[in-house]
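Have a look at the structure below, then the notes.
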Amino acid sequence: MQSPVGRVPTHIYIWDNRVLYAGPTLAPRYRSYGSAALLVGVESNLRVHRQTHADETVDTRCCLVRPGLPIWVESDSPSVMVLFLDPFLHDFTALSGSADRQTRDILWPLAGEDHLVSLARHVLGASLSPQAVLGTLVKQGLPDTNRLDPAGVDPRVVRAISMIRGGRTQNITTEDLAATVNLSVPRVIQLFRQYLGISAGRYRQWHRLHATTLAIANGQTFTQAAVASGFSDLAHFSNTFHGMMGIMPSGLLRTSEGVRFHIDPQLSAKGFSILSGSGASLEVS
């Protein structure tokens, strides 16, 4: 049975390396996520197309989209689930093999769609723990980790990511990153595109949104959370959120059923991981 529009609860799960949204279908518009994403229409199909190819609309229950891809998303389904995947594309690589087709960097349909729809319904209908949700996703093929994993990533990229994650309140430029890792700016740009699919500046914005969401979940006001995560003010945060997510953050949190946050215990205990060198050792930010 479909939930009435406006009465769908919103659940946001936050891990160190992923974020999951399950809630009301957002208004149709273009958006450009800062990570790869898994999209699931809970009650009916999604209609997705790349901004520059509106004539090639994908009609599917589930799909994967590459990071930074400007896409149009709409659905008749009252609710959707969107899983924002790890920045290093390990999740995307693991899931992409289950897709039968690719249309303009939109991968569809996916094997095990019924299980993903079932998970979305369980998330909306009950307060599942982050561990339970992760366990189900692992059965669908995601790597069994809830921390950012630098395995297989160029150590210079890992060092640059560590710098960004450890200095959210600083205006770290691509030139700063290049000097830190002893590379030219064009080479840094090339490596970020290769291992993250987006620019360094885009990743910095995406991680700031991640950190702001966590701070709001922990009880900070929008302004406190935004400034603590490196945004100059609330307007800066709201405009960045709107450009990437296609909705103003105040609109998201004004849903009639409210927002229920679920924070992974390891993230609560350790904070965001800062990766040291090319290994998997962690420091706490």
Side-chain angles (χ1 to χ4, degrees), residues 10-40 46-52 63-75 80-89 91-92 104-107 148 161 164-165 168-169 171-174 189 192-193 195-217 220 222-223 225-255 259 261 272:
T10 298
H11 292 267
I12 296 178
Y13 286 77
I14 310 172
W15 295 270
D16 176 57
N17 56 343
R18 307 176 180 110
V19 175
L20 183 148
Y21 166 88
T25 298
L26 304 179
R29 67 176 68 231
Y30 288 108
R31 61 205 74 205
S32 179
Y33 303 136
S35 74
L38 167 66
L39 284 67
V40 180
L46 304 166
R47 293 180 294 279
V48 186
H49 68 254
R50 189 166 177 164
Q51 186 171 13
T52 52
C63 67
L64 285 172
V65 297
R66 294 184 182 275
L69 192 69
I71 56 169
W72 176 275
V73 183
E74 64 176 303
S75 178
V80 296
M81 183 176 79
V82 183
L83 175 64
F84 301 104
L85 305 172
D86 80 289
F88 288 143
L89 300 178
D91 293 347
F92 180 83
R104 302 296 177 183
D105 288 329
I106 302 166
L107 285 72
L148 192 61
I161 291 295
I164 291 172
R165 288 171 75 92
R168 285 191 298 272
T169 60
N171 186 25
I172 299 171
T173 65
T174 305
I189 293 172
F192 263 78
R193 291 288 182 187
Y195 288 100
L196 282 82
I198 53 174
S199 68
R202 187 76 167 170
Y203 173 74
R204 185 185 64 203
Q205 289 183 324
W206 188 249
H207 183 61
R208 283 176 172 175
L209 288 183
H210 193 170
T212 303
T213 303
L214 177 61
I216 293 170
Q220 292 189 24
F222 274 25
T223 300
V227 172
S229 299
F231 291 104
S232 56
D233 52 31
L234 182 58
H236 183 201
F237 162 64
S238 296
N239 290 335
T240 301
F241 192 99
H242 183 259
M244 288 190 170
M245 305 301 297
I247 185 175
M248 296 299 286
S250 56
L252 177 63
L253 298 183
R254 277 202 303 264
T255 56
V259 177
F261 290 101
F272 285 113

Show the nearest heavy-atom pair for residues Ala27 and Arg31, with the distance to one decimal. O-NH2, 2.7 Å
Tyr21 and Val80, any side-chain heavy atoms less than 4.5 Å apart: yes
Just wondering, do Arg18 and Asp91 contact through their side chains at under 4.5 Å, heavy atoms? yes
Heavy atoms only: give me the nearest Asp16-His210 pair and the separation to one decimal. O-CE1, 3.3 Å
Is the shortest heavy-atom distance from the side chain of Phe192 to the side chain of Ile198 under 4.5 Å? no
Evaluate the side chain to side chain contact (heavy atoms under 4.5 Å, CB included) criterion for residues His242 and Arg29: first the C-alpha distance (whole Å), next the side-chain angles of each, then the deciding distance (0.1 Å), finally the verdict. CA-CA 11 Å; His242 183 259; Arg29 67 176 68 231; 3.5 Å; yes
Least distance between heavy atoms, Leu89 atom then Pro67 atom: CD2-CG, 3.9 Å
Nearest heavy-atom approach of Ile172 to Ile164 is CD1-CA, 4.2 Å
Main-chain N/O of Pro87 paired to Ser35 side chain as donor or acceptor, under 3.5 Å: no
For Tyr33, enumerate each residue passing the ring-ring contact (aromatic ring centres under 6.0 Å, His included) test, keeping only those at least two apart in sequence or located in another chain. Phe84
Atom pair CG (Leu39) and CG (Leu107), whose distance is rounded to the nearest 0.5 Å: 12.0 Å
Measure the spacing between CE of Met81 and CG of Leu46 and express it to the nearest 0.5 Å. 10.5 Å
Please step through side chain to side chain contact (heavy atoms under 4.5 Å, CB included) for the pair Phe88 and Leu196, ending with a clear verdict. CA-CA 5 Å; Phe88 288 143; Leu196 282 82; 4.0 Å; yes
Take Phe92 and Asp86, measure what side chain to side chain contact (heavy atoms under 4.5 Å, CB included) needs, and give me the verdict at the end. CA-CA 8 Å; Phe92 180 83; Asp86 80 289; 5.9 Å; no
Hey, what do you get for CH2 (Trp15) to CG (Leu20), rounding to the nearest 0.5 Å? 5.0 Å
For residues Ser75 and Thr25, report the shortest heavy-atom separation together with the two atoms involved. O-CG2, 4.1 Å
Side-chain heavy-atom pair Val19, Ile12 within 4.5 angstrom cut-off: yes
Taking distance alone, no hydrogens or angles, what donor-acceptor pairs closer than 3.5 Å link side-chain atoms of residues 228-236 to residues at least two apart or in another chain?
residue, atom, partner, partner atom, Å
Ser229, OG, Thr212, N, 3.3
Ser229, OG, Thr212, OG1, 3.2
Ser229, OG, Ala225, O, 2.9
Ser232, OG, His236, ND1, 3.3
Asp233, OD1, Ala235, N, 3.2
Asp233, OD1, His236, N, 2.8
His236, ND1, Ser232, N, 3.1

Partners meeting side-chain contact (heavy atoms from CB on, under 4.5 Å) with Thr173 (sequence neighbours left out): Glu175, Asp176
Less than 4.5 Å apart, side chain to side chain, heavy atoms only: is that true for Asp105 and Ile71? no
Applying salt bridge (Lys or Arg N to Asp or Glu O under 4.0 Å), name anything that partners Arg47, two or more places apart in sequence or on another chain. Glu74, Asp76
Considering residues at least two apart in sequence or located in another chain, which fulfil the side chain to side chain donor-acceptor pair (under 3.5 Å) criterion with Tyr203? Arg165
Which value, rounded to the nearest 0.5 Å, describes the distance between Trp206 atom CH2 and Ser32 atom OG? 9.0 Å
Distance (rounded to the nearest 0.5 Å) between Ile106 CD1 and Arg50 CZ: 8.0 Å
Taken to the nearest 0.5 Å, the spacing of Phe241 CZ from Leu209 CG works out to 7.0 Å
State which residues pass side chain to side chain donor-acceptor pair (under 3.5 Å) with His11; sequence neighbours excluded, sorted by chain then number. His262
Thr223 vs Phe237, side chain to side chain contact (heavy atoms under 4.5 Å, CB included): CA-CA, chis, key distance, verdict: CA-CA 9 Å; Thr223 300; Phe237 162 64; over 6 Å; no
